[in-house]
Amino acid sequence: MIELLANRYAYLLLFVLLGIGMYMIIANENLVKKLIGVNLFQTAIFLFFIAMAYVDDGAAPIVPNEGSEVASPLPQVIVLTAIVVGIAMTAVGLSLIIRIYSEYGTLREDTLREVRADE
């Protein structure tokens, strides 16, 4: 069992990041902490794609060697695209958080619900 975890440490890290990210999204009332949780969750998904695409002794797909497996470049392209989308999502989220704070003076979700219910 220990040897299996030692060989698959990326999957262990993946599930730890998924758990921490999901906990931060659900348990925190602060919107900035929720956004950080979303980014951790997103990073875990990136790690999942990279770990799934790993090939032992794989050759680059540009110049494959005879008789060796070739690593697929598709997961890497998907992750690069997702990183760009994630950065844009974080920027939009932070700008919305700044706007919410300037309008309501708080970033706590429960307080925002009370203020919105009074309006």
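All residue numbers refer to positions in the sequence shown, counting from 1.
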May I have the list of side-chain donor-acceptor pairs in residues 41-50 shorter than 3.5 Å, sequence neighbours left out?
| from | atom 1 | to | atom 2 | distance (Å) |
| --- | --- | --- | --- | --- |
| Thr43 | OG1 | Asn39 | O | 2.8 |

Run the side-chain donor-acceptor check on residues 14-29: report pairs under 3.5 Å with partners two or more places apart or on a different chain.
| from | atom 1 | to | atom 2 | distance (Å) |
| --- | --- | --- | --- | --- |
| Asn28 | ND2 | Met24 | O | 3.3 |
| Glu29 | OE1 | Asp110 | N | 3.3 |

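Members clustered with Leu96: Val92, by chain and number, using a 4.5 Å side-chain heavy-atom cutoff among hydrophobic residues.
For the side-chain contact (heavy atoms from CB on, under 4.5 Å) test, residues two or more places apart in sequence or in another chain that qualify with Leu74 are Ser72, Ile78. Among residues two or more places apart in sequence or in another chain, the side-chain contact (heavy atoms from CB on, under 4.5 Å) test is passed with Ile100 by Leu31, Tyr104, Leu112. Residues passing the side-chain hydrogen bond (donor to acceptor under 3.5 Å, both in side chains) test with Glu109 are Lys34, Arg113, sequence neighbours excluded.
Distance check: Arg116 CZ to Thr111 OG1 gives 14.0 Å after rounding to the nearest 0.5 Å.
Under the 4.5 Å side-chain heavy-atom criterion for Ile, Leu, Val, Met, Phe, Trp and Tyr, Val115 and Tyr101 are members of the same hydrophobic cluster. Ile87 and Leu40 fall within the same hydrophobic cluster, where Ile, Leu, Val, Met, Phe, Trp and Tyr residues are linked whenever their side-chain heavy atoms come under 4.5 Å apart, directly or through other members. Using a 4.5 Å cut-off between side-chain heavy atoms of Ile, Leu, Val, Met, Phe, Trp and Tyr, with links allowed through other members, Tyr11 and Leu13 fall into the same hydrophobic cluster. In this structure, Ile36 is not a member of the same hydrophobic cluster as Ile98, with clusters built from ILVMFWY side-chain heavy atoms closer than 4.5 Å.
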